[in-house]
Amino acid sequence: MEERFADIIIDISHEKLDKTFQYIIPDELRDKVKTGSCVSVPFGKGNYLRKGYVTGLSSRAEYAPEKLKKIADVEEKSMDAEGGCIALAAWMKEQYGSTMITALKTVLPVRRKIKGIEKKSCKLLIPVQEAQELREGCANRKQTAKARLLAELIRMGELPMPLITGKLHVSAQTVKSLEKQGVLAVISENSYRNPVKISRETMDARMEAYGAKKELSPGQQEIISHILGDFDEGKRDTCLIHGITGSGKTEVYLSVIEGMVRRGRQAIVLIPEIALTYQTLLRFYARFGERVSVMNSTLSQGEKYDQWERAKKGEIDVMIGPRSALFTPFSKLGAIIIDEEHENTYKSESMPKYHARETAEKIASMQQAVVILGSATPSLEAYCRAKSGKYRLYELTDRQAGGKLPSVYTVDLREELKQGNRSIFSRKLHGLIQERLEKKEQSILFLNRRGYAGFVSCRACGFVMKCPHCDVSLSEHMGGRLVCHYCGYEHPAVKNCPECGSKYILGFRAGTQQIEEALHKEFPGARVLRMDADSTRTKDSYEEILNAFANGEADILLGTQMIVKGHDFPNVTLVGILAADLSLHINDYRAGERTFQLLTQAAGRAGRGKRAGEVVIQTYDPEHYSIVHAANQDYKGFYAEEMMYREMLLYPPAAHMLAILVASPKEEAGRGLAEEIGILLKKEWPVIGPAPASVGKIQDIFRFMIYVKHMDYRRLIEAKNTVETFLAEREGKGMAGKEAVQFDFDPMGAY
Ligand code: ADP
Ligand code: ZN
Ligand code: ZN
């Protein structure tokens, strides 16, 4: 059927008009109007022409066609950035499932214009001689303020306004009257809010390590010239750089970007975690200076808007940030670099649940840019594509700074217990920490947990304290307070079991706070810094802690996941992994991969400087393949074993998987809808479920899951479209309740 109608979003910067309106596509525009087109349409009572974007085409009119207005014209000139956004949003909607406006908002993370900061200054307009005479006249007439201002202007030529009204005590009135006389001019200049705050001292201190351009190794050189050479030949294959930690990947990124800048192109550098911003920024700043900026959720609205504007105007070459920095509106993008490509944070947790890797490839293909992935432990997805020839694989195998790979010791905690050691530190780890303290070297201790994290259970009857709103156990925090990590529900400390009254109701004590206390007890005088979600609540706390540690203000850095990623502390020669298998016990097909990555990355923190490093892996499960391969720093061995398991069970990347979440405040309604969807899909697709999610209830909302697996991603998109159509029809019949349905392609974790 012919598509004669267009859904249009009018002037998307107005939040109130966040819905589509249907228009007729006139015959003469039939060929030009496509999804993503920028058009002008008559809108509102006055039928004024407004700009709008076509978000979808259809063959059916939602209202009587004679009531619909016609599209006036296609705005051909406005197609570039904005047009690209619409097309990208349309792609995301199709690829991942979400409403168009949500997808649009995702690709336009900066939507509000925030007035810039005006910098005012005064400039002398008349010749100095003339000004001298005027100043003397003013002095004689006792117009002291005027005389003071003139004297300074004669001396400096130009003065900032705050200095005039502040230090010089000259009123705005006085300035105005001199301006009227034509003696001076008030100039106002728009100045950008700059989120990059690096002090001179910090820069000088770090310049030595980061600033100087390194003599590149032959391996690095080869990768760089390959990537740039391919780029010049018009080849745009995604590149995967598999290089152990410290092998010089970042140095490669820097040089590739330099090459891009020479070609008049810009680059986006994605980092997995805001905590890494400062370190990354320092290195890029040392190379590119003011032409680097950052984008992330800690920025104010005004700062964000200004960075967007600077990027649009070509005032910066490099944007560093998390996922959302992908949407930076550069005019000539050359490269998108995704560092630590395997990290979970590259997958969005809200609709549309897009993955930065595929989205980057889409953006790159739209702008003729290249995507470069880097990791010491590539995701199974990326490595699988590299092996099949879809990606170009590059390898870096040696540490550049001369450091060697650390020696790794695996300690069986069950044996420790048998030997009577009940401490969280094995004898091996204890000894090595002591040694570091004596040698004044630094250690990192890693725990894959947060807070007191342990659940509280009754040793007499087995009762577990659970959140009344979510199907999860509560975690014990400082002072015995119990907290739900899904909804934030709090419960005061418990003294007696609510079930049997026993007083032996206790928490499983193995959180970072607990370990910090143990450290103080076992190593009195050791300076400990703790970094976890609790200690990094405030805006700058990540950077403060990292800086303090880098500056040698502590002997031991203790923390959760966030300390194992990417940081480069040359004085760290010991890494202790306190309970390596904790991350194996989550109900999730990626648990083995997560564990291998965490352990390998954590181990990679040791010995990044001149001194050799040592790593202690403490575990209850020393034979598990994830732990064995991590201890041997053997990625390929791990990949082979893990891939076998994925192929056997048809998990990604061996097949694709679509998770459909049905959420409802009413259990029966949710289950009913999930069953209907299941029956609908089973006609054509192999379906798993529906079943209650492993977290069956969050904030009083019941959750049911349906999984569909298929080798062909497009078949899963069709399944999603089928469900969407079904839901729209249901809505049309007025049968929809409060149920919500979400799609997640190739999910990262369990529901
Ligand atoms: P990765 O990103 O792979 O972890 P980096 O690029 O951070 O590796 O390099 C690790 C360390 O080695 C850094 O301190 C870096 O300055 C240094 N480095 C990198 N390349 C070279 C080189 N060619 N010569 C000397 N030092 C280098
Ligand atoms: Zn009890
Ligand atoms: Zn809860």
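The structure displayed is predicted, hence computed values, not measured ones. In what follows, every heavy atom counts, from backbone to side chain, and hydrogens, waters and symmetry copies are set aside. Atoms within a ligand are numbered from 1 in the order they appear, just like the ligands themselves.
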Looking only at heavy atoms, which two atoms of K636 and Y383 are closest? And how far apart? CE-OH, 3.2 Å
One thing to verify: whether D230 and R392 come together as a salt bridge, which I'm taking to mean a side-chain N less than 4.0 angstrom from a carboxylate O. yes
Does any N or O atom in G243 lie less than 3.5 angstrom from one in ligand 1, N or O only? no
Atom 22 (C) of ligand 1: of E251, E215, E340, the nearest heavy atom sits on E215
Could you tell me whether the side chains of S379 and E341 share a donor-acceptor contact shorter than 3.5 Å? yes
Below 4.0 Å, non-hydrogen atoms only: which portion of Q220 touches ligand 1? Side chain, backbone, both or neither. side chain
Measure the spacing between CZ of R530 and CD1 of I545 and express it to the nearest 0.5 Å. 8.0 Å
Going from OG1 on T573 to CZ on R436, what distance comes out if it is rounded to the nearest 0.5 angstrom? 3.5 Å
Considering only heavy atoms, does R283 approach ligand 1 within less than 4.0 Å through its side chain, its backbone, both, or neither? side chain
Which atoms of ligand 1 have any heavy atom of L216 under 4.0 Å away? 23 (N)
Counting from 1, what ligand 1 atoms have a heavy atom of S217 closer than 4.0 Å? 23 (N)
Which bit of S247 is near ligand 1, meaning a heavy atom under 4.0 Å away: side chain, backbone, both or neither? both
State, to 0.1 Å, how close Q601 and T377 come at their nearest heavy-atom pair, and which atoms those are. NE2-OG1, 3.1 Å
